[in-house]
Q: 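Here you go, one structure.
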Amino acid sequence: QVQLVESGGGLVQAGSSLVLSCAASGRTFSSSAMGWFRQAPGKEREFVAAISWSGSGTEYSGSVADRFAISRDNAKKTSYLQMNRLKPEDTAVYYCATSRKFLPSSQDEYEYWGQGTQVTVSS
């Protein structure tokens, strides 16, 4: 079993930066890929970024690839999402998740999910 807790969300102005953290507990963390998804009101949950279990591989959605960066610290059992040059359209609840796949981008490939953290970007 894996338990995930996101933190770091908040209200920021457009153009600013924010770092989200995902603290994990469980014996499978070091061998699991970590992903970030987001869901805006009235919209479906969408893929944001993923990182392989070793950190050697990363994947980003086209809308955030030049602004966001995913990383992980297996010793701390924590994944991070560095968000730069935030835009109002980035406003959403952000979720982290774990997967036994190498570098998954589909929500169906993830087994464990956090409760989410709200990110609101004002204009």
Side-chain angles (χ1 to χ4, degrees):
Q1 299 292 325
V2 177
Q3 185 175 15
L4 305 173
V5 179
E6 301 98 334
S7 62
L11 174 62
V12 298
Q13 294 183 335
S16 62
S17 297
L18 199 62
V19 180
L20 304 182
S21 298
C22 175
S25 62
R27 297 175 62 85
T28 62
F29 178 82
S30 62
S31 60
S32 299
M34 299 289 294
W36 286 92
F37 290 77
R38 66 186 182 185
Q39 186 169 24
K43 296 183 178 180
E44 295 184 344
R45 185 166 52 191
E46 67 171 339
F47 171 76
V48 176
I51 185 168
S52 64
W53 68 269
S54 68
S56 62
T58 58
E59 182 69 25
Y60 300 91
S61 70
S63 61
V64 307
D66 60 339
R67 298 183 294 119
F68 291 10
I70 187 172
S71 62
R72 66 188 298 163
D73 185 337
N74 287 347
K76 298 180 179 179
K77 294 186 176 182
T78 302
S79 174
Y80 305 94
L81 184 67
Q82 173 71 54
M83 305 184 294
N84 301 313
R85 302 189 301 280
L86 284 162
K87 304 174 181 179
E89 52 261 44
D90 294 320
T91 296
V93 176
Y94 283 71
Y95 300 89
C96 69
T98 63
S99 174
R100 285 173 287 184
K101 302 295 184 179
F102 172 65
L103 197 61
S105 59
S106 172
Q107 62 179 328
D108 293 337
E109 297 177 288
Y110 289 82
E111 291 86 29
Y112 299 99
W113 296 80
Q115 84 291 338
T117 185
Q118 177 71 48
V119 173
T120 303
V121 184
S122 64
S123 60

Q: Testing the basics here: between Leu4 and Ala24, what is the closest heavy-atom pair and its distance to 0.1 Å?
A: CD2-CB, 3.4 Å
Q: How would you list, by chain and number, every residue that makes a side-chain hydrogen bond (donor to acceptor under 3.5 Å, both in side chains) with Glu89, sequence neighbours excluded?
A: none
Q: With sequence neighbours excluded, tell me which residues meet ring pair (Phe, Tyr, Trp, His ring centres under 6.0 Å) with Tyr94.
A: none
Q: When rounded to the nearest 0.5 angstrom, what distance separates OG in Ser52 from CZ in Arg72?
A: 7.0 Å
Q: Filter on disulfide (SG to SG under 2.5 Å), then keep only pairs touching residues 56-85, sequence neighbours left out; what's left?
A: none
Q: What residues form a side-chain hydrogen bond (donor to acceptor under 3.5 Å, both in side chains) with Gln107, not counting sequence neighbours?
A: Arg45
Q: Is there any side chain to side chain donor-acceptor pair (under 3.5 Å) pair reaching into residues 4-20, and which pairs are they, with sequence neighbours excluded?
A: Glu6-Gln115, Ser17-Asn84
Q: Do you know which two heavy atoms are closest between Ala92 and Ala40, and how far apart they sit?
A: CB-N, 3.8 Å
Q: Parallel, tilted or perpendicular, judged at 30° and 60°: which one describes the rings of Phe37 and Phe47?
A: perpendicular
Q: Please identify each residue that fulfils side-chain hydrogen bond (donor to acceptor under 3.5 Å, both in side chains) with Ser106, with sequence neighbours left out.
A: none
Q: Any idea which heavy atoms bring Met34 and Ser79 closest together, and the distance?
A: CE-CB, 3.7 Å
Q: Please list all pairs meeting salt bridge (Lys or Arg N to Asp or Glu O under 4.0 Å) that have one or both residues in residues 112-123, counting only residues at least two apart or in different chains.
A: none
Q: Can you list every pair that meets salt bridge (Lys or Arg N to Asp or Glu O under 4.0 Å) and has a residue in residues 105-118, with sequence neighbours left out?
A: Arg100-Glu111
Q: Please name the pair of heavy atoms, one in Pro104 and one in Ala50, separated by the smallest distance, quoted to 0.1 Å.
A: O-CB, 3.4 Å
Q: Return all side-chain donor-acceptor pairs below 3.5 angstrom for residues 60-68, not counting sequence neighbours, or 'none' if the list is empty.
A:
| unit_1 | atom_1 | unit_2 | atom_2 | d |
| --- | --- | --- | --- | --- |
| Tyr60 | OH | Ile70 | N | 2.9 |
| Ser61 | OG | Ser63 | OG | 3.3 |
| Arg67 | NH1 | Arg85 | O | 3.1 |
| Arg67 | NH1 | Asp90 | OD2 | 2.7 |
| Arg67 | NH2 | Ser63 | O | 3.1 |
| Arg67 | NH2 | Asp90 | OD1 | 3.0 |
| Arg67 | NH2 | Asp90 | OD2 | 3.4 |

Q: Of all the heavy-atom pairs spanning Trp36 and Cys22, show the shortest one and how long it is.
A: CZ2-CB, 3.6 Å
Q: Applying ring pair (Phe, Tyr, Trp, His ring centres under 6.0 Å), can you list everything that pairs with Tyr80, at least two apart in sequence or on another chain?
A: none
Q: Which of these, Leu18, Leu81, Leu11, Thr91, sits in a side chain to side chain contact (heavy atoms under 4.5 Å, CB included) with Val119?
A: Leu18
Q: Between the side chain of Ser56 and the main-chain N/O of Ser54, is any donor-acceptor distance below 3.5 Å?
A: no
Q: Would you give the length of the straight line joining atom OG of Ser123 to atom CG of Leu86, rounded to the nearest 0.5 angstrom?
A: 13.0 Å
Q: Flag yes if Ile51 and Leu20 sit in one hydrophobic cluster, no otherwise; membership is Ile, Leu, Val, Met, Phe, Trp, Tyr, and two members link when side-chain heavy atoms are under 4.5 Å apart.
A: yes
Q: Taking only residues at least two apart or on different chains, which pairs with a member in residues 31-93 satisfy disulfide (SG to SG under 2.5 Å)?
A: none
Q: Run the salt bridge (charged side-chain N to carboxylate O under 4.0 Å, His left out) test against Glu46 and tell me which residues pass, sequence neighbours left out.
A: Arg38
Q: Could you pull out the closest heavy-atom pair between Ala97 and Tyr110, with the gap in Å?
A: CB-CD2, 3.4 Å
